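This structure is a prediction, so every number in the text was calculated from the model and none was measured. Naming: A, B, ... by sequence-line order, numbering from 1 per chain.
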There are 2 protein chains.
Amino acid sequence: MLSKKTKYGIKALVHLAKQEERSPVQIGTISLAENISQKFLESILLSLKKTGILGSKKGKGGGYYLLKDPKDIPMTTVMRVLEGPIAMVPCVSLNFYEKCDDCPDENTCAVNKIMLEVRDSTLEIFKNTTLFDLCL
Amino acid sequence: MLSKKTKYGIKALVHLAKQEERSPVQIGTISLAENISQKFLESILLSLKKTGILGSKKGKGGGYYLLKDPKDIPMTTVMRVLEGPIAMVPCVSLNFYEKCDDCPDENTCAVNKIMLEVRDSTLEIFKNTTLFDLCL
DNA sequence: TTTTACTCTACTAAATCTATAGGGTATTGG
DNA sequence: CCAATACCCTATAGATTTAGTAGAGTAAAA
């Protein structure tokens with residue numbers, strides 16, 4: 001299941017991507033428009049900033065804004081920052097790989113096998129979908 | 001992320017599917033072979049029994065066994081029993097649908113949109129994979 | 001009738017999620 | 001300058017889920 005953090009994060013990013021101008025949008029504006037707790041959203045936007053997806057401007061007229069064109073932000077990036085691994089098990093994760101401690105051999109593991117397929121198909125979708133596509 | 005319950009459940013089912021005879025296998029045997037806590041596995045197998053995937057036999061020579069041919073057990077069934085919804089958000093779930101309380105309209109929701117795609121592709125894989133396929 | 005092995009309930013430690021609280025700090029418009 | 005604005009950061013806490021553990025009970029077979 002997707003965490004609320006991810007869900008809210010995506011909604012906020014789409015909100016920003018829909019802005020015609022690339023001028024900063026306040027946290028309060030987004031939280032109101034998207035029905036998100038302001039304080040929670042604050043921490044989400046902060047993590048999106050730290051990973052280079054968003055920029056921010058302080059002071060009067062400040063807020064958050066996208067650093068890149070929505071067409072250049074694939075969902076793989078967004079998902080990995082917000083949700084973490086895309087794979088359902090660490091042993092098939094590309095960016096967050098971990099060996100299973102209970103499994104003697106990945107190559108013969110049934111779970112590994114099917115989850116690898118699922119990861120590939122999910123990855124394909126996220127790779128080919130950008131923030132721009134979600135705005136349509 | 002896949003829960004250990006699901007992971008262990010799949011491993012146990014594959015273990016049973018690999019048996020040449022359809023005679024009962026004890027919990028202890030499976031837990032030893034698959035590195036799973038016996039008591040935890042016990043509760044998993046019980047839930048698989050309650051949903052009609054496994055049968056059990058008590059007393060000496062007892063244990064659990066598959067009720068159907070592995071080729072007739074699709075992963076959709078297994079996943080829904082063990083993990084619950086296949087979709088990443090309740091609002092795109094077929095079997096566990098729930099409306100989002102924060103979202104005014106599903107049809108215009110960006111999260112709904114992409115997660116629907118992911119669900120479809122994942123579902124396709126689970127639908128076309130049976131327990132038998134995982135034994136190869 | 002004794003052993004074996006499943007059945008069931010209850011409980012719990014740990015982790016994660018979903019926030020909330022509250023102060024700190026940089027910037028900008030006036 | 002300066003005060004309002006709005007981001008920045010840390011700490012904490014309630015709720016929920018996960019991953020088991022404990023222990024007694026019950027059915028069946030040899």
Side-chain angles (χ1 to χ4, degrees), chain A residues 1-12 16 23-32 34-67 82-85 88-90 96 98 100-102 111, chain B residues 1-12 16 23-67 82-85 88-90 96 98 100-102:
Chain A
M1 280 282 140
L2 212 64
S3 68
K4 298 235 175 187
K5 181 186 172 188
T6 304
K7 190 180 169 191
Y8 292 162
I10 294 174
K11 285 192 172 193
L16 290 174
S23 55
V25 180
Q26 296 170 36
I27 296 176
T29 306
I30 303 175
S31 95
L32 214 70
E34 307 295 339
N35 271 306
I36 308 169
S37 145
Q38 172 152 352
K39 276 292 189 179
F40 192 25
L41 181 60
E42 210 176 292
S43 70
I44 297 169
L45 294 180
L46 204 58
S47 76
L48 286 169
K49 189 202 161 174
K50 281 183 180 163
T51 48
I53 296 175
L54 292 182
S56 70
K57 196 184 166 194
K58 289 184 182 178
K60 200 175 262 179
Y64 284 95
Y65 53 90
L66 289 176
L67 283 175
L82 292 170
E83 187 76 4
M88 293 180 97
V89 276
F96 300 83
E98 252 178 81
C100 300
D101 44 353
D102 60 297
V111 176
Chain B
M1 281 282 142
L2 211 66
S3 68
K4 298 236 174 187
K5 181 187 172 188
T6 304
K7 189 181 171 190
Y8 292 164
I10 294 174
K11 285 193 170 191
L16 290 174
S23 54
V25 180
Q26 296 170 38
I27 296 176
T29 306
I30 303 175
S31 93
L32 215 70
E34 307 293 339
N35 273 305
I36 307 170
S37 145
Q38 172 151 353
K39 276 291 187 178
F40 191 27
L41 181 59
E42 210 176 292
S43 70
I44 296 169
L45 295 179
L46 203 58
S47 76
L48 286 168
K49 188 202 161 175
K50 281 183 181 163
T51 47
I53 296 175
L54 293 181
S56 71
K57 196 182 167 193
K58 289 183 183 180
K60 200 174 263 181
Y64 284 93
Y65 52 90
L66 290 176
L67 283 175
L82 291 170
E83 187 76 4
M88 293 180 97
V89 276
F96 300 83
E98 253 178 80
C100 300
D101 43 353
D102 60 297

Practice problem: Sequence neighbours left out, what passes ring pair (Phe, Tyr, Trp, His ring centres under 6.0 Å) with A/F40? Give chain and number order. | Solution: A/Y8

Quiz item: When the nearest nucleotide of DNA chain D is assigned to B/F40 and to A/K49 on a heavy-atom basis, which residue is associated with the more 5' position?
Solution: A/K49

Exercise. Grab the CG-C1' distance between B/D101 and C/dT18 for me, whole Å please.
Key: 13 Å

Quiz prompt | DNA chain C: 5'-proximal contact among A/Y8 and A/K60 (nearest heavy atom) | solution = A/Y8

Practice problem: Step by step, work out the salt bridge (Lys or Arg N to Asp or Glu O under 4.0 Å) result for B/D102 and A/K7. | Solution: CA-CA 11 Å; B/D102 60 297; A/K7 190 180 169 191; 2.8 Å; yes

Practice problem: Work out which heavy atom in A/A12 is nearest to a heavy atom in A/L41; give both atom names and the distance. | Solution: CB-CD1, 3.9 Å

Quiz prompt | Distance-only donor-acceptor test (3.5 Å): side chain A/K39, base C/dG22 | solution = yes

Quiz item: When you check the phosphate oxygens OP1 and OP2 of D/dT17, does a side-chain N or O of B/S3 lie under 4.0 Å from one of them?
Solution: no

Practice problem: Indicate whether OP1 or OP2 belonging to D/dT21 is found under 4.0 Å from a side-chain N or O atom of B/S37. | Solution: yes

Exercise. Give one of base, sugar-phosphate or nothing for A/K7, where a contact means two heavy atoms less than 4.0 Å apart.
Key: nothing

Exercise. Take the protein atom CG of B/L41 and the nucleotide atom P of D/dT21, then report the distance between them rounded to whole Å.
Key: 12 Å

Practice problem: Identify whether any heavy atom of B/I27 sits under 4.0 Å from a base atom; if not, whether one sits that close to sugar-phosphate; answer base, sugar-phosphate or nothing. | Solution: sugar-phosphate

Exercise. Let me know the distance between CE of A/M1 and P of C/dT18, rounded to the nearest Å.
Key: 12 Å

Quiz item: Should A/S56 be listed as having a side-chain N or O under 4.0 Å from OP1 or OP2 of D/dC8?
Solution: yes

Exercise. Determine the contact category for B/G63: base if any of its heavy atoms lies under 4.0 Å from a base atom, sugar-phosphate if only primed atoms, P, OP1 or OP2 are that close, otherwise nothing.
Key: sugar-phosphate

Exercise. Figure out the CG/P separation between B/L82 and D/dA19, and round it to whole Å.
Key: 12 Å

Practice problem: Round to the nearest Å and state the distance from B/K58 atom NZ to D/dA30 atom P. | Solution: 16 Å

Practice problem: Could you state the atom-to-atom distance from CG of B/L45 to C1' of D/dA19 in whole Å? | Solution: 15 Å

Self-check item: Pair of N/O donor and acceptor under 3.5 Å linking D/dC7 base with A/E42 side chain
Solution: no

Quiz prompt | Rounded distance (Å) that lies between atom P of D/dA28 and atom OH of B/Y64 | solution = 14 Å

Quiz item: Which atoms form the tightest heavy-atom contact between A/E83 and A/L2, and what is the distance?
Solution: OE2-CA, 3.8 Å

Practice problem: Measure the distance from CD on A/Q26 to P on C/dT27 and round it to the nearest whole Å. | Solution: 17 Å

Quiz item: Are the side chains of A/S23 and A/K57 in touch, meaning some heavy atoms are under 4.5 Å apart?
Solution: no

